[in-house]
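Read through the structure below, which is laid out as structure tokens, and then see the notes.
A quick note: this is a predicted structure, and the numbers were derived from the prediction, not measured. First the proteins, then the strands, lettered A, B, ... as listed; each starts at 1.
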Amino acid sequence: MTDHSPLWEVFVRARRGLSHTHVGSLHAPDAELALRNARDLYTRRQEGVSIWVVPAGAITASSPDEKDAFFDPAADKVYRHPTFYEVPDGVAHL
Amino acid sequence: MYGNDFSAPDGATDEAPGGLLGEVEAAEAELRAAAARGRRGGPAPDEDLAAYFAEVVDAEQKIEPRDWMPDAYRRTLIRQIAQHAHSEIIGMQPEGNWISRAPSLKRKAILLAKVQDEAGHGLYLYAAAETLGISRDELVQLLLDGRQKYSSIFNYPTLSWADVGAIGWLVDGAAIVNQVPLCRCSYGPYARAMIRVCKEESFHQRQGYEILHTLAHGTPAQQAMAQDAVDRWWYPSLAMFGPPDGDSTHSAQSMAWKIKRFSNDDLRQRFVDMCVQQAEILGLRIPDADLRWNDERQAYDYTQPDYDELMQVISGDGPCNRERMAHRRAAHADGSWVREAAAAYAAKRAEQREKVAA
Amino acid sequence: MNGPFDFTLALADDALIAAQRLAEWTTRAPEMEEDIALANIALDQLGAARLLLSYAGELEGAGRDEDALAYLRDDREFRNALMVELPNDDFAVTMAKLFFLAAYQLPLYTALAGCADERLAAIGAKARKESAYHLDHGALWVKRLGDGTEESHRRMQAAVDQVWPYTHELFAADPAAPVDPATLRPAFDEVVGPVLTEATLTQPDSAWAPAGGRAGVHTEHLAYLLAEMQVLHRAHPGAKW
């Protein structure tokens with residue numbers, strides 16, 4: 001029942017001095033739960049990391065070398081997001 | 001972090017999973033190198049899109065979510081990634097069956113963490129599938145309606161504690177052999193998800209191997225338990241690689257698209273060759289009287305699994321198909337009031353914030 | 001209760017039985033994300049139980065390790081409070097148990113972190129951080145269920161009513177213990193009251209205060225839980241796993 005449970009993009013700062021990096025996405029009904037789920041899923045609650053969650057629908061994507069005319073209708077859906085970027089050091093094997 | 005709470009037995013599986021893990025790392029390096037080479041831009045206004053797509057794939061560049069792709073490529077990926085995600089979720093059940101009875105607190109913690117990892121892998125994979133323009137809700141519904149499959153291996157029962165070991169060694173082992181090449185899949189989100197999954201899976205295989213190693217060197221009753229588990233899980237594990245190449249409907253196209261890199265039979269052979277030496281160190285017998293080294297082929301000859309049985313299990317008549325699905329449906333149905341409550345609460349809070357803002 | 005062995009064992013058994021119950025949710029949670037969260041909490045409780053059981057075994061000095069204490073005692077020898085052995089029931093009951101237990105364990109472990117016994121202090125310092133997380137998680141769901149839909153409100157109130165009487169046993173006075181549980185009640189009330197209010201729930205006013213767990217007199221549920229937990233270990237005496 002994720003229809004009431006929108007998609008959130010998760011960004012993690014693994015250590016001081018590093019920027020937040022996109023690590024993946026998840027579903028949650030609100031920001032507080034999204035943050036909680038992100039901590040459980042992407043960091044297994046490692047301490048000292050900083051996590052941002054952003055509603056996927058709030059992200060506007062540039063696609064300079066993509067031809068929008070050729071997107072199928074699903075391209076408008078928020079779930080068409082880049083996911084699974086590199087996991088920051090220190091989070092990978094958790 | 002919990003998954004590392006054990007050590008591999010002396011000199012045992014270090015080589016094999018290490019080797020596979022090395023391949024995972026190589027795939028990751030390859031992914032970075034491909035990114036560093038820079039991708040070619042989008043298609044020119046009058047360029048043939050299919051040719052453009054083929055060129056990107058042939059150049060070992062990754063296809064990303066908003067790229068143009070053939071519909072059949074998209075459908076194949078959705079089917080495969082969803083099936084993989086469903087397998088992780090359903091696959092929690094046979095092992096979860098032993099959490100409450102794990103014979104030591106350390107084993108209980110490791111098993112609980114392992115089953116938890118599988119839920120995590122399921123979520124990574126659903127998210128990868130979602131990049132193709134289908135929602136997790138839709139995918140979960142397809143599973144619950146029986147319109148998408150999961151790996152048939154999870155329709156076998158876990159009858160003893162040793163089965164937890166056999167699943168780790170054989171089932172996770174076969175899964176890793178299957179999945180390592182997927183780390184180099186042409187579709188970027190799937191490749192990245194698989195790199196992450198494979199890194200965690202290698203610990204799973206080790207814990208299974210360690211369980212069997214301990215049992216095989218334990219009391220006569222424990223040894224018998226271990227052998228019985230290997231006897232029951234060997235052929236279903238071989239069947240995990242799918243039908244023989246001649247009968248496989250999706251293989252050729254998937255290889256051309258670089259979704260798949262090796263044929264079913266090649267992967268099955270690779271798995272058998274790995275297991276023989278590992279079984280020797282365990283002191284357990286692989287239940288195949290015709291298993292022997294073939295010097296000419298530089299590989300082991302082995303008895304094929306019963307593919308009629310595989311088809312029967314896939315079609316729904318395995319020992320536990322009904323139970324697995326009933327369990328999943330019940331969990332989904334029993335949780336609906338909780339999900340509705342969370343959604344209602346979120347909506348109320350959002351409304352309050354709007355009022356405050358106004 | 002008397003002596004550090006009994007005290008440590010009581011804490012260990014609370015954590016162990018809570019872990020066993022939480023782990024029963026695996027593959028059954030209302031959402032896949034929650035499956036992971038409940039497993040995390042179960043793992044925390046199990047981790048604390050192992051540290052406490054090992055230490056209890058050392059205090060006893062009779063050569064019992066964590067597994068001997070977990071697997072080879074009968075229900076009458078278990079010292080956990082009754083609340084943790086109650087069946088999971090629905091998600092609301094589980095969250096009520098989680099929330100109340102964490103609201104007790106957080107001040108308990110916090111006080112323990114400052115106690116004179118170095119080993120207990122170290123365990124307290126580690127477990128305190130985990131309890132804060134559990135409390136957060138429990139409170140988050142108590143609020144969502146209490147102030148969610150009509151059905152969830154009804155279920156959450158019923159769960160609070162059902163579990164509340166069992167909270168009193170947690171605070172039975174034991175002045176000789178490293179931390180006297182009676183001193184923890186104000187901290188518990190301070191946390192629980194506002195969350196229930198925010199969740200639009202009524203704090204029960206029940207005089208019934210079932211107890212006996214600390215003396216080894218349990219509900220009917222514990223023996224079943226132990227029968228399942230211990231069956232394999234006991235079937236192979238002396239075996240290594």
Handout entry: salt bridge (Lys or Arg N to Asp or Glu O under 4.0 Å) partners for Arg353(B), two or more places apart
Key = none
Practice task
Considering only heavy atoms and a distance below 4.5 Å, find which of Thr149(C), Asp35(C), Thr27(C) pairs most often with chain B.
Solution key: Thr27(C)
Practice task
Go through the atoms of Ala29(C) and report whether side chain, backbone, both or neither lie under 4.5 Å from a heavy atom of chain B.
Solution key: backbone
Problem - Phe78(C) six-ring centre to Arg73(C) NZ/CZ under 6.0 Å and within 45° of normal - result: yes
Handout entry: Check ion pair Arg155(C)-Glu151(C) (N to O, under 4.0 angstrom)
Key = yes
Exercise for the section: Measure distances from Arg234(C) to the heavy atoms of chain B and classify the residue's part below 4.5 Å as side chain, backbone, both or neither. Expected result: neither
Handout entry: Which atoms of Thr219(B) approach chain C - backbone, side chain, both or neither, heavy atom under 4.5 Å
Key = side chain
Problem - Contact origin within Leu105(B) toward chain C - heavy atom pairs under 4.5 Å - result: both
Fill in the blank from the handout: With chain C, the option among Gly218(B), Ala344(B), Pro103(B), Ala119(B) that has the most non-hydrogen atom pairs under 4.5 Å is Pro103(B)
Completion exercise
When the 4.5 angstrom heavy-atom criterion is applied to His217(B) and chain C, the contacting part is neither
Completion exercise
Honestly, the part of Leu140(C) sitting under 4.5 Å from a heavy atom of chain B is neither
Problem - Counterpart residues, side chain to side chain donor-acceptor pair (under 3.5 Å), relative to His233(C) (two or more places apart) - result: none
Problem - Side-chain heavy-atom pair Leu38(C), Phe91(C) within 4.5 angstrom cut-off - result: yes
Exercise for the section: Check each atom of Val338(B) against the heavy atoms of chain C and say whether the ones under 4.5 Å are side chain, backbone, both or neither. Expected result: both
Practice task
Find the one option among Asp147(C), Leu46(C), Thr26(C) whose heavy-atom pairs under 4.5 Å with chain B are most numerous.
Solution key: Asp147(C)
Exercise for the section: Using modelled atom types only, decide if a donor and an acceptor are shared between the side chain of Glu138(B) and the backbone of Ser135(B) within a distance under 3.5 Å. Expected result: yes
Handout entry: Residue pair Leu225(C) / Arg21(C), side-chain heavy-atom distance below 4.5 Å
Key = yes
Exercise for the section: Under 4.5 Å heavy-atom distance to chain C, tell me which part of Ile89(B) shows up: side chain, backbone, both or neither. Expected result: side chain
Completion exercise
In terms of heavy-atom pairs under 4.5 Å with chain B, the winner among Glu228(C), His153(C), Gln230(C) is Glu228(C)
Handout entry: Carboxylate-amine/guanidinium proximity below 4.0 Å for Glu118(B) and Lys114(B)
Key = yes
Practice task
Find the one option among Ala341(B), Ala347(B), Gly335(B), Ala331(B) whose heavy-atom pairs under 4.5 Å with chain C are most numerous.
Solution key: Ala341(B)
Handout entry: Validation row: Lys97(C), Asn88(C) side chains within 4.5 angstrom (heavy atoms)
Key = yes
